Amino acid sequence: MDRVILGSPYPDFEFGFNSNFSYKNFSLNVFLQGTYGNKIFFATAFTNLNSFQRTQNQFEDLFGNYWTEDNHDPHAKYPRISPLTQMRPSDRFIMDGSYLRMKSLQLSYDLPLNRMRVQWLSQLRVYLKATNLFTVTNYPGLDPEVNTMGSDAQSIESRLFIGTDKTGYPNARIFGAGVELSF
């Protein structure tokens with residue numbers, strides 16, 4: 001069996017953009033982040049697009065996209081459906097992990113305390129904030145910013161598998177509001 005390097009889990013570029021915009025008493029803080037050029041082994045698909053091998057729920061894409069005795073399509077996306085089908089890792093599960101994420105967005109308003117004649121307070125700010133608001137990516141999994149998978153093996157090279165998405169939990173989308181007081 002020939003082995004080929006299909007890509008790297010390490011991105012060619014990691015980038016971020018953080019900026020503050022202000023107009024009168026309003027402020028907007030924007031933080032974007034992303035990566036370009038990394039590959040992800042989509043182990044979740046490897047496990048779940050496995051021809052009913054484990055009698056679990058399957059991806060919708062599996063249905064009708066496989067070889068059957070009635071459908072002899074040699075270019076079918078998936079092999080013959082059978083609980084006996086042995087899946088093997090292949091380039092079919094290597095995905096582009098590039099993404100752009102709106103990591104943080106905050107809109108705030110500073111109340112004009114000097115016009116309100118409040119002397120005991122130097123600043124009163126109210127704000128709305130969103131974290132992980134949206135992600136632009138072609139990655140089919142839940143989140144291209146996947147965690148690492150590992151084992152409890154003795155050798156360090158067997159402990160971490162960078163760029164492997166095996167049922168990784170996505171980053172939570174969080175919305176919040178708050179008040180900042182300065183005395």
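Because the structure is a prediction, the values reported are computed rather than measured. When reading the values below, keep in mind they use all heavy atoms of this one structure, side chains included, and skip hydrogens, waters and symmetry mates.
Closest heavy-atom contact between Phe42 and Pro140: CE2-CG, 3.7 Å. Residues Ala43 and Thr164 come closest through the heavy atom pair CB-CG2, 4.0 Å. Between Pro9 and Gly163, the closest heavy-atom pair is CB-CA, 3.8 Å. Considering all non-hydrogen atoms of both residues, Val30 and Asn18 come closest at O-OD1, 3.0 Å. Among all heavy-atom pairs drawn from Asp12 and Gly37, the shortest one is OD2-CA, 3.6 Å. Residues Leu100 and Phe15 come closest through the heavy atom pair CD1-CE1, 3.7 Å.
Distance check, rounded to the nearest 0.5 Å: NZ of Lys103 to CG of Leu133 gives 12.0 Å. Between Arg125 atom CZ and Asp110 atom CG the span is 4.0 Å, to the nearest 0.5 Å. Once rounded to the nearest 0.5 Å, the distance linking NZ of Lys39 with CG of Asp91 reads 10.5 Å. For the atom pair Leu32 CG and Phe134 CZ, the distance stands at 6.5 Å (nearest 0.5 Å). Atom CD of Gln123 and atom CG of Leu111 lie 10.0 Å apart (nearest 0.5 Å). Rounded to the nearest 0.5 Å, atoms OG1 (Thr131) and CZ (Phe175) are 9.0 Å apart.
Put simply, the side chain of Glu145 does not reach to within 4.5 Å of the side chain of Thr35, judged on heavy atoms. Using a 4.5 Å heavy-atom threshold, the side chains of Tyr36 and Ser98 count as touching. Taking the side chain as every heavy atom from C-beta outward, Asp143 and Arg101 approach each other to under 4.5 Å.
Ile174 and Leu128 fall into different hydrophobic clusters, where Ile, Leu, Val, Met, Phe, Trp and Tyr are joined by side-chain heavy atoms under 4.5 Å apart, directly or via other members. Grouping the Ile, Leu, Val, Met, Phe, Trp and Tyr side chains by contacts below 4.5 angstrom, directly or via other members, places Ile5 apart from Tyr10. If you chain together hydrophobic residues whose side chains sit under 4.5 Å apart, Leu105 and Leu107 fall into the same group. Note: the hydrophobic cluster containing Met102 also contains Phe21 (ILVMFWY, side chain heavy atoms under 4.5 Å, direct or indirect links). Hydrophobic clustering keeps Tyr99 apart from Val146 (ILVMFWY residues linked when any side-chain heavy atoms are closer than 4.5 Å, directly or through intermediates).
A donor-acceptor pair under 3.5 Å is absent between the side-chain atoms of Ser108 and the main chain of Val126, judged by distance alone. The main-chain N or O of Gln106 is never found under 3.5 Å from a side-chain atom of Asn29 such that the two would form a donor-acceptor pair.
Residues that satisfy the salt bridge (Lys or Arg N to Asp or Glu O under 4.0 Å) test with Glu14, not counting sequence neighbours, are absent from this structure. Listed by chain and residue number, Phe26 satisfy the ring-ring contact (aromatic ring centres under 6.0 Å, His included) test with Tyr109 (two or more places apart in sequence, or in another chain).
There is a side-chain donor-acceptor pair under 3.5 Å between Asp165 and Tyr139. Under the 3.5 Å distance criterion, with hydrogens and angles disregarded, no donor-acceptor pair is assigned to the side chains of Asp96 and Asn138.
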